[in-house]
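Everything below concerns the one structure shown next.
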Amino acid sequence: PEMDFSSTSVEGLYVDDFQSEIEKQKYLDAMFAGEIPIPPIYKAMGVDFTGKRYVDAVLRKRLIGVLSAAAPGHEVVTEDMRGLTKGARISKFLQANMASQREQIDYVRERNPYGILGENAMLKLTGYRKAVRTAGESKKVDFTASGAGMLAEKDLKQFEQFPHMGLIAIVSSVVAARGVMRCIAQHNIDIKRIMFCVEDPNTAGGHLGAKEKDLNGSKRYDPVLIAE
């Protein structure tokens with residue numbers, strides 16, 4: 001269905017109307033470098049909330065849409081898998097996730113060849129690296145947002161395989177942000193595009209509900225300190 005984003009129609013918040021991949025890549029370089037304001041990013045919610053039709057609608061409004069990598073193949077759980085071992089059930093579920101992820105990426109990209117498309121993959125979920133690999137190998141996803149855990153060396157090194165795909169590391173403290181950058185420096189990891197999304201730890205990044213007055217500006221997660 002057609003979605004109404006009229007409440008976000010603030011001048012200057014839309015991405016450019018790209019006419020080529022080159023134009024979009026230049027824009028992404030500038031955005032990740034902090035040279036231009038970051039437009040609203042409709043970050044993913046799972047399971048099966050920010051799916052292909054939702055994200056398609058977001059991109060058509062010249063905003064940034066993000067697919068959820070949280071169990072996109074959940075339909076497989078409706079099958080009778082009682083005869084399978086635990087390992088076989090997990091394998092079947094992960095395969096279904098990757099197949100659904102590919103289908104959703106293709107659906108959105110076919111309809112929005114030059115829109116900015118991301119995915120959100122939670123580190124705590126089984127199959128996190130498979131989700132990142134699926135997005136990267138598609139060569140159709142512009143960035144992956146990773147949260148719900150600390151990015152380790154193996155997680156960060158994975159992005160070296162996909163230089164076209166940026167990383168948005170979701171953090172809730174200055175300590176976490178510095179930990180990511182320290183890991184990158186210590187292991188000489190080459191990530192072409194990286195930025196931080198700062199979430200208020202007191203409200204689970206807004207999931208528990210938050211108003212501006214609730215953000216107490218704690219130095220633990222001050223975006224200014226994280227940028228420094």
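We use all heavy atoms of the structure for the numbers below, so side chains are in, but hydrogens, waters and symmetry mates are not.
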Quiz item: Who are the ring-ring contact (aromatic ring centres under 6.0 Å, His included) partners of Phe18, not counting sequence neighbours?
Solution: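 Result, ring-ring contact (aromatic ring centres under 6.0 Å, His included) vs Phe18: Tyr27.
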Quiz item: Thinking salt bridges, do Asp56 and Arg60 make one under a 4.0 Å N-O criterion?
Solution: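 Arg60 and Asp56: salt-bridged.
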Quiz item: Of all residues at least two apart in sequence or in a different chain, which pass the side chain to side chain contact (heavy atoms under 4.5 Å, CB included) check with Arg62?
Solution: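 Residues passing side chain to side chain contact (heavy atoms under 4.5 Å, CB included) with Arg62: Tyr14, Val15, Asp17.
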Tell me whether [X] contacts the main-chain N or O of [Y] through its side chain, where contact means a donor paired with an acceptor under 3.5 Å.
X	Y	result
Gln101	Ala131	yes
Arg193	Pro163	no
Asp142	Leu117	yes
Glu119	Val141	no

Does some side-chain heavy atom of [Y] sit less than 4.5 Å from a side-chain heavy atom of [X]?
X	Y	value
Met31	Ile64	yes
Ser146	Leu167	yes
Glu160	Ile189	yes
Val180	Phe196	yes

Quiz prompt | Set of side chain to side chain donor-acceptor pair (under 3.5 Å) partners for His164, sequence neighbours left out | solution =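 Side chain to side chain donor-acceptor pair (under 3.5 Å) check on His164 returns nothing, list empty.
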Exercise. Go through Lys157 and Asp155 one step at a time and tell me if the salt bridge (charged side-chain N to carboxylate O under 4.0 Å, His left out) criterion holds.
Key: CA-CA 6 Å; Lys157 276 188 172 295; Asp155 305 317; over 6 Å; no
Quiz item: Got a sec: does the NZ of Lys24 have more than 12 other heavy atoms crowding it under 6.0 Å?
Solution: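 Above 12, so yes.
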